[in-house]
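First the structure, in the form of structure tokens, and then the observations on it.
Proteins get letters first, then strands, A, B, ... in listed order; numbering begins at 1 in each.
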Protein chains: 2
Amino acid sequence: MKLTAGERDVLRVLESQRRTVSRGTMLRRERDPADGMWVLQSGWAASALGMPDGSRQITKVHLPGDVVGTPGGALNGGVETVSMLTSGIVSPFPRSVLTTVFRDHQRLAALFFVLVQVERVSLSDRIASIGRTDARARVAALLLDLTHRLRLTNPAMEDRLSLPMTQEDIGDTVGLTAVHVNRMMRALADDGLIARGPGSIRLLDEPGLARISGYISRWSSPDTSWLPEPPEDA
Amino acid sequence: MKLTAGERDVLRVLESQRRTVSRGTMLRRERDPADGMWVLQSGWAASALGMPDGSRQITKVHLPGDVVGTPGGALNGGVETVSMLTSGIVSPFPRSVLTTVFRDHQRLAALFFVLVQVERVSLSDRIASIGRTDARARVAALLLDLTHRLRLTNPAMEDRLSLPMTQEDIGDTVGLTAVHVNRMMRALADDGLIARGPGSIRLLDEPGLARISGYISRWSSPDTSWLPEPPEDA
DNA sequence: CGGTAATTTGAAGAGCCTCAACTAGGGTGG
DNA sequence: CCACCCTAGTTGAGGCTCTTCAAATTACCG
């Protein structure tokens, strides 16, 4: 789909401001007032909920190119803690831009709608993974999910996944303890499904991983046939 | 927030068609072509994913008034199976209406965007519940969630929750077996947190339920301050 | 090169599942 | 009108998965 000049202008505004953030930086804390979203230019981030007992659940791992903190665009209270898993660069996506988009760039607005739907499906898949599959399958599903998403922006990527998450992070994402994540990674390696290096993992048998995890790639191009026509450019 | 005459017209079109459906009816199956969404006029429905081993995970329980099958509005393939938990009435929400809304009713489009964000937050909460709390807490959180949502449309509702889900349904929602759901309901009753009747439940101690489940009500009114102005009516 | 964070491994126990049997209700057909 | 059946709920026993706690090893960073 080709963007019009006007649409490109809007998106370019978003990249005008860039903020370098280090690992562990919290872009927003739960209950903070929500003032907008971010575009993650580089680095990995995570949205997480804190539990009363002190543990946390990562609800979404954000990769470069993702729009981060989308609930902050539309909802008042900050619902999730957004923090950097690695150092990186973020561009603020203020609410005012969202207003402009919905007012003047209908097609772009519809695209954002699609974007959130894709996120929604992704969350549904994680619920199914955590709720109905065992530990090994959950870890496998996460590895496949990250790999497929990274391939979208880097088609050259092969079977090597550079994974800047600690086993604690992984556990917080798939609902396991770090200790058990460690055992499951070992199990996957013992079964020849993956090979582990420092800070990276090779997926030796993607069909095998998909089989044990029930993973289905949903990252094909979404439907854009229903989008309204963009307004004429000046 | 007051809707304009034009906006009301669009929404009224959605209610023009009504289809009566019985319990168990599948509005859409996974992988079916997705042709749109529905407005659930009455009855309860569920969106679910089927797992390779034959089990299923309910990703969302839909109550009267909900827009059901939102991914089908924006995405091509049907990703979830949508089925009726009770008999009820649904109104089709075809994609073409979504196109119209985004083209001619910017503020309404933004409202839909907010709606999906609310859904997204709800899914995040369930992930945290399933991933990081024990069985009793998960059941308690579900009961509270349903109660709070029903109160939005029926403020007169007190502590009695009419619950037309089987224990199997509940288990599929919170990631447990029906057998264990049964034990947890009994435990909640033994602790004086709930009282069980046939087809309904009384929440005797909502603060207590909230405490053990870590449940936080997010169903306060969403932020609408950022919405663009609606177009002038003719 | 020292100190801290992250990973790894073991042992024991808790939580949830599986299997199985039994009960209660609600509808249907004889 | 009752016998029957099918679904849903209930309860018990045993086992497996995952957690917890603890300690040792390795990697990383200043």
Side-chain angles (χ1 to χ4, degrees), chain A residues 22-24 44 46 51 53-58 83-87 129-142 162-190 194-201 212-213, chain B residues 22-24 44 46 51 53-57 83-87 129-143 162-190 194-201 212-213:
Chain A
S22 61
R23 175 166 185 266
W44 290 30
M51 307 307 286
D53 67 353
S55 64
R56 70 168 183 168
Q57 174 70 43
I58 293 179
S83 58
M84 296 297 299
L85 294 173
T86 70
S87 60
S129 177
I130 297 178
R132 285 289 181 235
T133 73
D134 63 18
R136 205 172 63 128
R138 293 186 212 171
V139 174
L142 177 63
S162 160
L163 186 63
M165 300 171 72
T166 67
Q167 294 180 355
E168 185 98 40
D169 292 332
I170 295 172
D172 287 345
T173 307
V174 299
L176 297 169
T177 59
V179 171
H180 206 61
V181 168
N182 183 288
R183 289 191 230 272
M184 293 304 102
M185 301 265 276
R186 191 185 199 312
L188 290 175
D190 287 350
I194 66 173
R196 296 191 291 164
S200 84
I201 282 177
I212 65 164
S213 67
Chain B
S22 61
R23 176 167 183 265
W44 290 29
M51 307 306 287
D53 67 354
S55 63
R56 71 168 180 167
Q57 174 70 44
S83 58
M84 295 299 298
L85 294 174
T86 70
S87 60
S129 177
I130 297 178
R132 285 292 180 233
T133 73
D134 64 18
R136 205 173 64 129
R138 293 186 213 173
V139 174
L142 177 63
L143 296 179
S162 161
L163 185 64
M165 299 171 72
T166 67
Q167 294 181 353
E168 184 97 39
D169 292 332
I170 296 172
D172 287 345
T173 307
V174 299
L176 296 170
T177 59
V179 171
H180 207 62
V181 168
N182 183 290
R183 289 191 231 269
M184 295 303 102
M185 301 266 276
R186 192 184 197 317
L188 290 174
D190 287 349
I194 65 173
R196 297 189 291 164
S200 85
I201 281 177
I212 66 164
S213 67

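Taking atom CG of A:D169 as the reference point, atom P of C:dA5 lies 14 Å away to the nearest angstrom. Spacing between atom CD of A:E168 and atom P of C:dT4 amounts to 19 Å, rounded to whole angstrom units. Rounded to an integer number of Å, the gap from B:H180 NE2 to D:dA13 C1' is 15 Å. Rounded to whole angstrom, the span from the CG atom of A:D172 across to the P atom of C:dA6 amounts to 12 Å. The separation between A:M165 atom CE and C:dT7 atom C1' is 15 Å, rounded to whole Å. With rounding to whole Å, A:M185 atom CE is found 15 Å from D:dT26 atom C1'.
Nearest nucleotide to the B:L176 side chain, out of C:dC17, D:dA22, D:dC18: C:dC17.
Distances shown here put a side-chain N or O of A:T177 below 4.0 Å from the OP1 or OP2 atom of D:dT19. In this model, the phosphate group of D:dT10 is approached by a side-chain N or O of B:N182 to a distance below 4.0 Å at OP1 or OP2. Between A:R186 and C:dT8, a side-chain N or O to OP1/OP2 separation shorter than 4.0 Å is absent. Of the side-chain N and O atoms in B:T166, none sit less than 4.0 angstrom from OP1 or OP2 of D:dA8.
Nucleic acid contact for A:R23: sugar-phosphate only, since backbone atoms but no base atoms lie under 4.0 Å from a heavy atom of the residue. At a threshold of 4.0 angstrom between heavy atoms, the contacts of B:R183 include nucleobase atoms, whether or not backbone atoms are also involved. Across all strands, A:G175 comes closer than 4.0 Å only to sugar-phosphate atoms, never to a base (heavy-atom distances).
By the 6.0 Å contact criterion, CZ on B:R186 is open, its count of non-hydrogen atoms from other residues, nucleotides or ligands being 12 or less.
Nearest-nucleotide positions on DNA chain D place B:Q167 closer to the 5' end than the other of A:R138 and B:Q167. In terms of position along DNA chain C, the nucleotide closest to A:R196 lies nearer the 5' end than the nucleotide closest to the other residue of the pair A:R132 and A:R196.
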Stepwise side-chain contact (heavy atoms from CB on, under 4.5 Å) check, B:L176 with B:V139: CA-CA 9 Å; B:L176 296 170; B:V139 174; 4.2 Å; yes
